[in-house]
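Note that this is a predicted model, so its numbers are computed, not measured. Throughout, numbering of the chain's residues begins at 1 and tracks the sequence. Atoms within a ligand are numbered from 1 in the order they appear, just like the ligands themselves.
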Amino acid sequence: MNDKILGIDLGTTHSAVAVVDAGFPLILADRDGNRLTPSVVHYPAGGGEPKVGHEALRMRSTAPKRTVYDVKRFMGRRTTDLKEDERNIGYELSTDPGSPIEVLMGESSVRPESVSAAVLAHLKRVAESAMEASLDRAVITVPAYFNDAQRQATLEAGRQAGLKVERIIHEPTAAALAYGLHRLKESSRIAVYDLGGGTFDITILEMVDGVFRVLATHGHTRLGGHDIDQSIVEHFLEQEELQKSKKELLQSPETMAKLRAAAEQAKKTLSQELETWIEIPFLTQSLHMRFPFHRETLEKLAAPWIDRTRECCLRAMHDANVESQELDQVVLVGGQTRMPMVRERVGDFFQCSDFEETRGNIRLGQDFHAQKGPTLNVGQHPDEAIALGAAIQGAMLSGSLEHMTLLDVTPLSLGLETFGGLMNVLIPRNSTIPLKAGEVFTTAVDNQREILIHVLQGEREKASDNWSLGRFVVPFEPSPKGVPRVGVQFEIDANGILHVLARNLHTGEEQVLEIQSAIDVTDQQVTEMVESSLEHALEDMDSRHWIEQKLKADQLTQAAQSSLVHASGLISTEEREAIEQKISLIRQIIGSENTESRTGDTDRLKQGIRELDEATQELAAGLMQEMATKLNPLP
Ligand code: ADP
Ligand code: MG
């Protein structure tokens with residue numbers, strides 16, 4: 001028997017298992033490479049072994065009554081605790097007043113802890129086959145609000161799965177461990193914002209000498225990614241192609257399941273892309289569905305759900321008696337927080353003043369709060385953090401972390417040169433290796449034939465002030481700006497070698513660059529780089545702001561100029577002159593750039609952009625109107 005202790009996130013929609021191996025916390029994948037297991041169990045009608053995870057999920061639309069999902073909601077609860085709408089689920093729940101809840105399946109029934117036990121047993125097998133060892137000790141996580149009966153039910157599930165549960169820990173605590181927050185200054189305060197598939201939790205933690213204490217916790221037991229999916233499905237049903245058959249579609253569980261799956265997939269894609277196509281070739285015998293879906297539309301549908309979490313955040317802070325400025329970190333967990341809009345809104349809720357880990361999906365150009373607020377900590381894999389943290393707790397318990405030397409970290413930030421010659425960090429300094437990070441890039445001008453992938457190392461804002469590690473070119477067929485897409489992935493393996501992979505997302509062509517020296521810099525070099533970045537921090541920020549505004553100005557003036565060409569009849573001569581005047585003002589500011597001090601210039605440019613934006617409102621509306629009329633001519 002191996003003495004390793006597994007870390008298990010027994011989630012409402014997904015579960016995951018992790019272990020600390022050779023000092024690294026790792027998520028263990030099943031044979032198909034899945035790192036997350038749907039918390040779904042299917043009980044075959046003829047008896048036999050229950051099916052778990054992806055296999056069970058596939059049965060949900062065909063055998064809903066025998067396929068149990070979201071069972072975590074019912075753990076350790078009694079029928080009398082249930083609200084009527086909680087019974088609104090694909091399978092049947094017992095009604096005996098006051099008894100523990102059971103799932104009814106024909107003559108037989110099963111307790112929620114046994115369903116969870118099936119999930120846990122599956123994860124145990126996944127871990128054993130990944131580690132090629134038998135493993136039976138585990139740390140399992142539960143929400144901070146779980147009461148004693150709910151914790152006991154979780155323990156019982158572990159027991160039934162043949163696991164020795166060494167400890168039950170809070171999900172937010174596990175997340176904090178995964179983010180390395182136990183290594184922060186002696187005393188810190190953290191908010192953990194966890195938006196999963198069906199539940200939302202916000203927890204304020206205080207850490208003193210490496211021990212976490214829950215100060216307050218709030219949430220919604222019925223709010224999460226699924227609600228967003230549902231809003232997307234409703235939006236799909238309003239599409240012209242589907243509207244006519246809406247009634248028929250609503251009646252078919254299979255069709256609705258297909259729509260829901262397409263909605264979720266599209267939502268995930270739009271965390272990376274701005275547009276995707278919804279394509280279901282055989283939604284019904286005669287109905288082939290195909291239409292575009294944009295991030296902007298998704299955000300409109302998702303906003304009300306995300307905004308509902310705000311009140312919980314405020315209440316939790318109030319209960320914990322802390323102001324947002326008193327928080328050190330706001331940590332994002334749960335798959336739904338991969339959505340860029342969630343990150344932006346949460347950053348606003350807590351008045352975060354900076355971001356950590358990935359800058360990739362955060363919208364540029366947004367002004368961060370000037371006042372010093374908490375850091376918004378955005379992990380690479382927010383849905384894996386809890387299992388990783390549980391594994392870290394397991395390693396602490398088994399003592400294996402004590403013998404460990406400090407984890408290897410990246411000494412300096414790694415990134416790429418972007419438009420305008422700025423450094424775009426993909427892997428921040430001090431990230432623990434091995435790790436992966438990626439981002440999608442596009443072209444800045446029409447008919448651009450190639451993108452230069454220039455790999456940089458260093459802490460300075462301007463690309464030219466950092467060290468160049470290597471470069472290569474990704475070619476394209478000529479197309480309008482913004483259309484070509486290149487996914488770039490940085491991967492640092494356990495040996496400290498950086499593999500840079502660039503994939504043309506249209507053709508699938510790939511190029512790889514291997515860089516040996518990424519981790520191999522001397523302490524002296526690191527110190528010099530960090531010192532120079534501090535020394536030049538202000539002027540560097542100046543340059544970044546200036547360059548960002550300049551790029552924005554370029555885009556806007558180009559767009560305005562080309563709209564003016566089509567504008568005849570839409571606006572008055574005065575309006576046209578006003579726009580032309582704003583454009584030339586912007587050009588003049590850019591032309592008279594003073595490299596010594598740019599602060600004033602940047603502000604003037606910002607003002608110019610704002611004015612041009614206002615001056616073109618009318619024109620933009622007119623053009624939109626014209627386009628709409630062209631697309632849908634009045635009868
Ligand atoms: P839970 O804690 O409820 O088990 P997870 O943390 O695994 O759930 O989160 C699942 C939710 O996250 C689902 O609604 C899923 O659609 C959503 N999700 C997963 N990946 C992404 C993504 N890339 N973009 C947006 N949402 C995502
Ligand atoms: Mg979760």
Side-chain angles (χ1 to χ4, degrees), residues 7-18 27 34-40 53-54 57 69-73 75 116 119-120 123 140-146 154 169-176 178 192-203 217 219-233 260-274 276 293 295 298-299 301-303 305-306 309 331-346 358 360-361 378-390 438-440 487:
I8 298 182
D9 169 11
L10 184 59
T12 311
T13 39
H14 294 116
S15 296
V17 57
I27 291 282
N34 297 306
R35 301 155 71 83
L36 294 180
T37 297
S39 307
V40 183
H54 290 277
L57 191 59
Y69 62 95
D70 274 11
V71 80
K72 186 171 173 180
R73 301 182 190 291
M75 295 278 281
S116 289
V119 176
L120 290 172
L123 295 174
I140 303 180
T141 59
V142 296
Y145 60 79
F146 253 30
T154 307
I169 65 168
H170 288 143
E171 286 163 9
T173 304
V192 178
Y193 179 102
D194 180 353
L195 190 58
T199 53
F200 165 65
D201 301 310
I202 174 76
T203 310
T217 177
H220 276 291
T221 47
R222 320 212 61 182
L223 171 64
H226 298 329
D227 295 300
I228 297 175
D229 300 349
Q230 185 57 32
S231 296
I232 302 173
V233 168
R260 212 164 292 127
E264 185 181 11
Q265 190 47 52
K267 175 186 77 176
K268 290 183 182 171
T269 307
L270 291 180
S271 289
Q272 302 290 332
E273 315 273 331
L274 293 176
T276 182
F293 185 50
R295 187 186 282 184
L298 169 65
E299 293 188 339
L301 297 168
W305 297 112
I306 300 168
T309 66
V331 173
L332 295 189
V333 217
Q336 191 56 52
T337 66
R338 290 179 185 242
M339 183 180 191
M341 189 198 210
V342 174
R343 301 174 171 194
E344 283 157 27
R345 294 268 161 122
V346 180
T358 35
N361 280 324
V378 184
Q380 297 290 340
H381 301 289
D383 31 17
E384 298 179 356
I386 291 176
L388 290 173
E439 205 170 322
V440 175

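Near G334, the atoms of ligand 1 lying under 4.0 angstrom from a non-hydrogen atom of the residue are 6 (O). In summary, the atoms of ligand 1 found under 4.0 Å from a heavy atom of G11, numbered by their order in the structure, are 4 (O).
Summarising the contacts of atom 26 (N) of ligand 1 with H381, Q336, H226, M339, the nearest heavy atom is found in Q336. For atom 25 (C) of ligand 1, the nearest non-hydrogen atom from the set S271, A16, G197 belongs to S271. Ranked by closest heavy atom to atom 20 (N) of ligand 1, the top entry among M341, E384, K268 is K268. Here the shortest heavy-atom distance to atom 15 (C) of ligand 1, taken over Q272, E264, H14, Q265, belongs to E264.
Using modelled atom types and a 3.5 Å distance limit, the side chains of Y193 and T309 yield a donor-acceptor pair. Side-chain contact, T37 with S15: no donor N or O sits under 3.5 Å from an acceptor N or O.
For atom 23 (N) of ligand 1, the closest non-hydrogen atom on the protein side is R338 CD, 3.3 Å. At the shortest separation from atom 9 (O) of ligand 1 among protein heavy atoms lies G335 N, 3.1 Å. Protein heavy atom at the shortest distance from atom 2 (O) of ligand 1 is G196 CA, 4.0 Å. Looking only at protein heavy atoms, the nearest one to atom 8 (O) of ligand 1 is T13 OG1, 2.9 Å.
Listed by chain and number, the residues in a side chain to side chain contact (heavy atoms under 4.5 Å, CB included) with L57 are P38, V40, R60 (sequence neighbours excluded). With sequence neighbours excluded, the residues that form a ring-ring contact (aromatic ring centres under 6.0 Å, His included) with F293 are H235, F236.
Taking 4.0 Å as the cut-off between side-chain N and carboxylate O, D383 and R338 count as a salt-bridged pair.
Under the 3.5 Å distance criterion, the side-chain polar atoms of K72 are matched with a main-chain donor or acceptor of L10. No side-chain donor-acceptor contact under 3.5 Å links R260 to the backbone of Q230.
Partner L332 forms a side-chain contact (heavy atoms from CB on, under 4.5 Å) with one of L195, V378, V192 and no other, that one being V378.
For ligand 1, one of its N or O atoms has an N or O atom of K267 under 3.5 Å away.
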